Structure formats: structure tokens, C-alpha cells
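Heads up: the structure comes next, in C-alpha cells.
As the structure is a prediction and not an experimental result, all values here were calculated from the model. The chains referred to below are lettered A, B, ... by the order of the sequence lines, with proteins before strands, and numbering in each begins at 1.
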Number of protein chains: 2
Amino acid sequence: MATPDTGAGTQTPGKPRLTREAVLAKALEIVDADGADSLTMRRLGQELGRDPMGLYRYAENRAALLDGVAELVLDDLSLTPSDPDWKGQLRTLAHDLRLLALRHPNVVPLLVTRPLSTPLGLRPLGTLRPLEQILSLLVKAGFRAPDALHVYRAYYGFLYGHILNELQEYIVDPDENEALLRLGLHRLPPKEFPRLRSLAPALVEYDGAEELDQGISILLAGLESQLKRQQDSASM
Amino acid sequence: MATPDTGAGTQTPGKPRLTREAVLAKALEIVDADGADSLTMRRLGQELGRDPMGLYRYAENRAALLDGVAELVLDDLSLTPSDPDWKGQLRTLAHDLRLLALRHPNVVPLLVTRPLSTPLGLRPLGTLRPLEQILSLLVKAGFRAPDALHVYRAYYGFLYGHILNELQEYIVDPDENEALLRLGLHRLPPKEFPRLRSLAPALVEYDGAEELDQGISILLAGLESQLKRQQDSASM
DNA sequence: GGGTAAAGTCTACAGTGTAGATAAGGCAAA
DNA sequence: TTTGCCTTATCTACACTGTAGACTTTACCC
């Protein structure tokens, strides 16, 4: 099969020495295309032109492989903790994460469930970095450290919740979307689901970015007033 | 279909005719005990004393079985849409869901991921009922229907987000908890994770109910002000 | 009885993750 | 060069998965 490229030197050509990054990248490709269940060792091996067993050099498990994929995706996120406009930073972070989720919808289940099986302290550093950065951002903004933690939780909680929500209503083909939606809603017994049925039009024209933004505004307003209160009581 | 049975008599004893409820209950038992991955047709069959193939009468798939488990758990939720104290209702609903998640932590991944593979309109009615009830509650509270939808999304989003957050930090044995946590945090490079490391004590004394309640307060305050604004502009 | 449909059981197949044995290569010392 | 050794690659095998399809048994109605 397709032995491309040089391979350079002693290495038998066509096998330019795998790297963990290459493996994870291909794994992400598969997950994006067909979902996490379709990521099997055999398939990954085949698409890399390698023996499936060889992959165990780059990931201890299939589970570890999935963790790697999640981490790889999260690596795209970045924020600048030094920015004094903490609310702005949080807001753009939220939109970045949202776009990232829309770009890799099949990875989202991994993002939200895999951490459940690993205690916080033992997670890969890549997943903890955003947490550290946000904490830093918030402390610089004036929150006491423990409060920063609470804010982080509230914010990320809301963020992930929104993403799950949006993805649930997200369907690829917008034409089919409306049809499917109406079809599905029509199936509901009118007596029992009057509200939901009447909301069909509203459901169709869902604007995730707008919705997210409004939620964030509410949250940030609340958090800021909390910050004010705290600073006042501290200066007494 | 469903010969309404009488049970009793002719049926060979020890095989009192399975019901879908019984199957799902046992399935939930297994998931609670060992996680969703451990729910195999063969094991479920064995624990029910039946041929694994027979289970396909009560669920089309293994996937459908998992959906059934999720639905079964959600059935425990209830709220009274006629209550005029909508904020109170939402708050207790939140705590109910939280407790439910803590009681069935292994089901939470199903709760958040399974809907991602089924368009909203085609979900089992049991999963849509809470949505309808909340919409009804909010409309009675004065929200216009489309806004009620937005509120629902914001609320549930936050709620699920919180649950995921809390479950991530939740470890069964609290003694081991502290140890593990410190151990894990100690592993982090101090230069790169100063905030996180210093927060070890705060991480240990995590109070999920309190945290949830505060978040809800923030959210509800924001939502109520939105409601007021809307009503004002409507009465002009 | 006879006939029909449902419920239960068995076998088989294609696919999974991965342990463990085996082979092939690269490099250092003798 | 020959010998030994260690890392990497490949192969085989095993226990286990979901489930299609054929088959057997049971329950019930006429």
C-alpha cells in the first residue's frame, strides 16, 4: 500500500518513524469522521500503515488514546491571563470553546466524560492548563483564590452545559433539520406536550452564539457583583 | 401484543415472565455497580437467569438499552408546573437532579451523551417530559414561550455543567480523596501550576450543594431581571 | 385435536482489545 | 567480522463483544 515519501536513510522507506503526535492526529481524524466508537486499534493501524500492536508504544490503552485525542483538541485553546479585561477574556474563551466543539462534535463526549474517570490531580497536564490560566486571570482580576475556583466552576459548568445543549439540537443538514424536527415534534401527543410542539419554529432558528453570549452576560453580571461585594467587605 | 398476563400457573416457575421494567431495573443495577461498559447482553442475561438473546424483545439494541436506563433514572424527577413559585421549583429541581446524579454517577455519562445521538424530536417521551413541564412552569410565570425556551436552555445547561464539574471532583472514599488529590497536585510542576497547587485545601472541602445553590442564585437573579424588563416593555 | 403466533434457545460470525511469543533490525564490544 | 544485546516491529492467539438467523418449545384460540 501507498509507500509515499522519502523515509530518510536507514529507516526502511515508507515508514518514517511514527510520533505520538502523528498517531493522535490520525486518531482525531477518525473520531471526527465516524465517532469515538469507530476508533479501533486495527483501523487506526491500518490508516497509518502500521501494525495495530505497534500503537501501544504511543498509548498504553485504547482509553489512553481517547484521552490523548481530547487533550489534543483542547490544545487549540489559548487565553492570555495577563489581560486585565477578565470578562472579555472569559467571553472569548467561551466562544473559542464553542467553535471548537462545533468543529469536533464527536470529541465533545470525550471531553465531558473522560475526566470523570480520572481524579483531577492525575489528569494530563494539557487538560489542567486552562484551569490554571483561568485561575490566574481571576486572581489578577481581584478575586480571592478560593473564590476564583468557584467562579471557574460556575463558568466552565455553564459553558459545558451550553455546548451539550447546543450540540443536542445541532444537526448537520439544515434542510433536513427542519423536516426532522417537525416530524419528531409532530409525533408528540398534543395533550401532553403543547408547549414543546408550539415551539417548533423557535427551535428551528436556534442561534447558539447569541444564546451563549446572553447566558454569559447574566453570569458575568452576577459574578462581578459578587466581586464588588467581596472587595467592599474586605476594605472595611 | 402484551398478553396482559395474570402471571401465575402455567408459566414454568422461576421464570415469572420478564417485563421491560424488570430488565431495565437490572440493567441500571449493573451500570450503577460497574459502569456502562460492563453492561453486556450476556451479563444482563445471566443476572436475570435468561438467555441473552431474549433481551432483544425488550430493547432493540444495546444502545436502546442504555437509553432505557437513562430514561428510567430521569423518571425519578418530578416537579409541579402549577406552582407559582417558579424560582423555588427550579431550585428544588436542580437539587433533585444533583442528588440523582450523585446516587447514579455511572449513569451521568449516559445522560449527557446519549441525547447527542438522537435528534430532539425523536427522543423517548420520558426524556422530553421535564422539558415540557419546565416550559409550562415558565410560561405560567410570565415568560413568553420563546424566552421560556431560552431560560430552559440556560438553566439546564448550567445544571448539567455543574453536575459534570462536581462529579469530576467527586471521589468515593473521602480519606483517599485528600491523599489522592494532594498526591496528584504535588505532581504538578510548581512553576507552571502555582494557583492550582495552592488551592489544594479549597479543592478538598468542596461543597457541591452550596456551590450549586450560589450559581443558581446568580442565574435566577439574571433571569428575573430579564423577565421584569420584558414585562415592562410589553406593557408600554 | 389442529393451527398460529409468540417466546425462548442455540449456534455461528465478524469484530474487539490486548497479552505473549516471535522475528527483525541497529549498535557496541570483542 | 563475529558475537551479543536491546529496542522496535510483527504475528498469533485468546477471551469477549453484539447480534443475525435457524430452530425448538410453549401458549392460546378455534
### Task
Go through the structure and list residues passing ring-ring contact (aromatic ring centres under 6.0 Å, His included) with A/Tyr58, not counting sequence neighbours.
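ring-ring contact (aromatic ring centres under 6.0 Å, His included) list for A/Tyr58, sorted by chain: empty.
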Round to a whole Å and report the spacing from [atom1] of [X] to [atom2] of [N].
X: A/Asp37; N: C/dG15; atom1: CG; atom2: C1'; answer: 13 Å
X: B/Leu18; N: C/dA6; atom1: CG; atom2: P; answer: 18 Å
X: A/Leu39; N: C/dT18; atom1: CG; atom2: P; answer: 11 Å
X: A/Leu44; N: C/dT18; atom1: CG; atom2: P; answer: 13 Å
X: B/Gln46; N: C/dT9; atom1: CD; atom2: C1'; answer: 16 Å
X: B/Asp34; N: D/dC16; atom1: CG; atom2: P; answer: 15 Å
X: A/Asp51; N: C/dA23; atom1: CG; atom2: C1'; answer: 12 Å
X: B/Leu48; N: C/dG8; atom1: CG; atom2: C1'; answer: 14 Å

Distance from [X] atom [atom1] to [Y] atom [atom2], nearest 0.5 Å?
X: A/Leu18; Y: A/Lys26; atom1: CG; atom2: NZ; value: 10.5 Å
X: A/Glu211; Y: A/Asn165; atom1: CD; atom2: CG; value: 8.0 Å
X: B/Arg129; Y: B/Leu79; atom1: CZ; atom2: CG; value: 12.5 Å
X: B/Thr40; Y: B/Arg42; atom1: OG1; atom2: CZ; value: 7.5 Å

### Message
For B/Arg197 versus B/Leu188, what's the shortest heavy-atom pair and its separation?
### Response
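Heavy atoms only, the tightest pair is NH1-O, 2.9 Å.
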Tabulate atom names and distances for all N/O pairs under 3.5 angstrom spanning the protein and nucleotides 19-21 of chain D.
{"unit_1": "D/dT19", "atom_1": "OP1", "unit_2": "B/Asn61", "atom_2": "OD1", "d": "3.3"}
{"unit_1": "D/dT19", "atom_1": "OP2", "unit_2": "B/Tyr56", "atom_2": "OH", "d": "3.0"}
{"unit_1": "D/dT19", "atom_1": "OP2", "unit_2": "B/Arg62", "atom_2": "N", "d": "3.0"}
{"unit_1": "D/dT19", "atom_1": "O5'", "unit_2": "B/Tyr56", "atom_2": "OH", "d": "3.4"}
{"unit_1": "D/dT19", "atom_1": "O4", "unit_2": "B/Arg42", "atom_2": "NH2", "d": "3.4"}

